[in-house]
Amino acid sequence: SQTIHQWPATLVQPVGSPLSLECTVEGTSNPNLYWYRQAAGRGLQLLFYSVGIGQISSEVPQNLSASRPQDRQFILSSKKLLLSDSGFYLCAWSVMAGMSSPLHFGNGTRLTVT
Amino acid sequence: QKEVEQNSGPLSVPEGAIASLNCTYSDRVSQSFFWYRQYSGKSPELIMSIYSNGDKEDGRFTAQLNKASQYVSLLIRDSQPSDSATYLCAVFSGNTGKLIFGQGTTLQVKP
């Protein structure tokens, strides 16, 4: 069966510090991978998605970036965090091209920027 | 008009009752519809998928889709306190090729 691992679970970082969140998927090949952010009390915001190695689509202009160095690895980064980057970051995967199949989420990383 | 709309709630039902959660969407060419459950502080968990008009049942959950009315709902029979969570409706838009999430409805099941 497929599993998705996301770490760390919680993170407290000062403003201006760098960020690296990692996500890996097991049990499937060529997954579509996604990064979402959920601000407190708000809905899910799609940040990036990837349909293959090195292929990244950005949905929202921001100081975040994403990379997919391996088929089942997705990394979310920032060079300098802002207070507004605080939130619950969720990695997700799906099996089909496009988004017509359901997404399966990792456990999330709760980021607090102080 | 939001692409996917849900009443934020909270929707409060007594234990054992039927909880009815509703979702409307704006894109007429939407193809796939999903319900997720999100407990406080946790990530969303897929509980139902529905792709064609009508009802789809899975245990205590029934998803209902009416494409003509652009409406999808989730019924939870014999509601339990453990069902207390936020329920997210997600709609795949054929126009944009994206999965759009609603803001979620908070359900409270009181013992």
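All heavy atoms count here, side chains included; hydrogens, waters and symmetry mates do not. Chain identifiers are assigned alphabetically (A, B, ...) following the order of the sequence lines, protein sequences preceding nucleic acid strands; residue numbering begins at 1 within each chain.
The distance from the OH atom of A/Tyr49 to the CG atom of B/Leu99 is 12.0 Å, given to the nearest 0.5 Å. In this structure, CG on B/Leu46 lies 11.5 Å from OG on A/Ser94, to the nearest 0.5 angstrom. If you take CG on A/Asn107 and CD on B/Glu45, they are separated by 10.5 Å, rounding to the nearest 0.5 Å.
Contacts between A/Gln45 and chain B at a heavy-atom distance below 4.5 Å are absent for every atom of the residue. With a 4.5 angstrom heavy-atom cutoff, B/Leu88 touches chain A only via side-chain atoms. Using a 4.5 Å cut-off between heavy atoms, B/Phe33 does not touch chain A at all.
B/Ile100 and B/Met48 end up in the same hydrophobic cluster when Ile, Leu, Val, Met, Phe, Trp and Tyr side chains are linked at under 4.5 Å. Two different hydrophobic clusters hold B/Val29 and B/Phe34 under the rule that ILVMFWY side chains link at heavy-atom gaps under 4.5 Å. B/Tyr71 and B/Leu74 are assigned to two separate hydrophobic clusters, defined by single-linkage of ILVMFWY side chains at heavy-atom distances under 4.5 Å. Linking Ile, Leu, Val, Met, Phe, Trp and Tyr whenever their side-chain heavy atoms come within less than 4.5 Å puts A/Leu11 and A/Leu76 in one cluster. In this structure, B/Tyr51 is a member of the same hydrophobic cluster as B/Phe92, with clusters built from ILVMFWY side-chain heavy atoms closer than 4.5 Å.
The heavy-atom pair separating A/Leu103 from B/Tyr36 by the smallest distance is O-OH, 2.7 Å. Looking at every heavy atom in both residues, A/Phe88 comes nearest to B/Gln38 through CE2-NE2, 4.1 Å.
Counting non-hydrogen atoms of other residues, nucleotides and ligands closer than 6.0 Å to CZ of B/Arg60 gives a total above 12. More than 12 non-hydrogen atoms from other residues, nucleotides or ligands lie less than 6.0 angstrom from CD1 of A/Ile53.
In terms of modelled atom types and a separation under 3.5 Å, the side chain of B/Ser43 and the main chain of A/Gly106 share a donor-acceptor contact.
Heavy-atom pairs under 4.5 Å with chain A peak, among B/Pro44, B/Gly102, B/Ser49, at B/Pro44.
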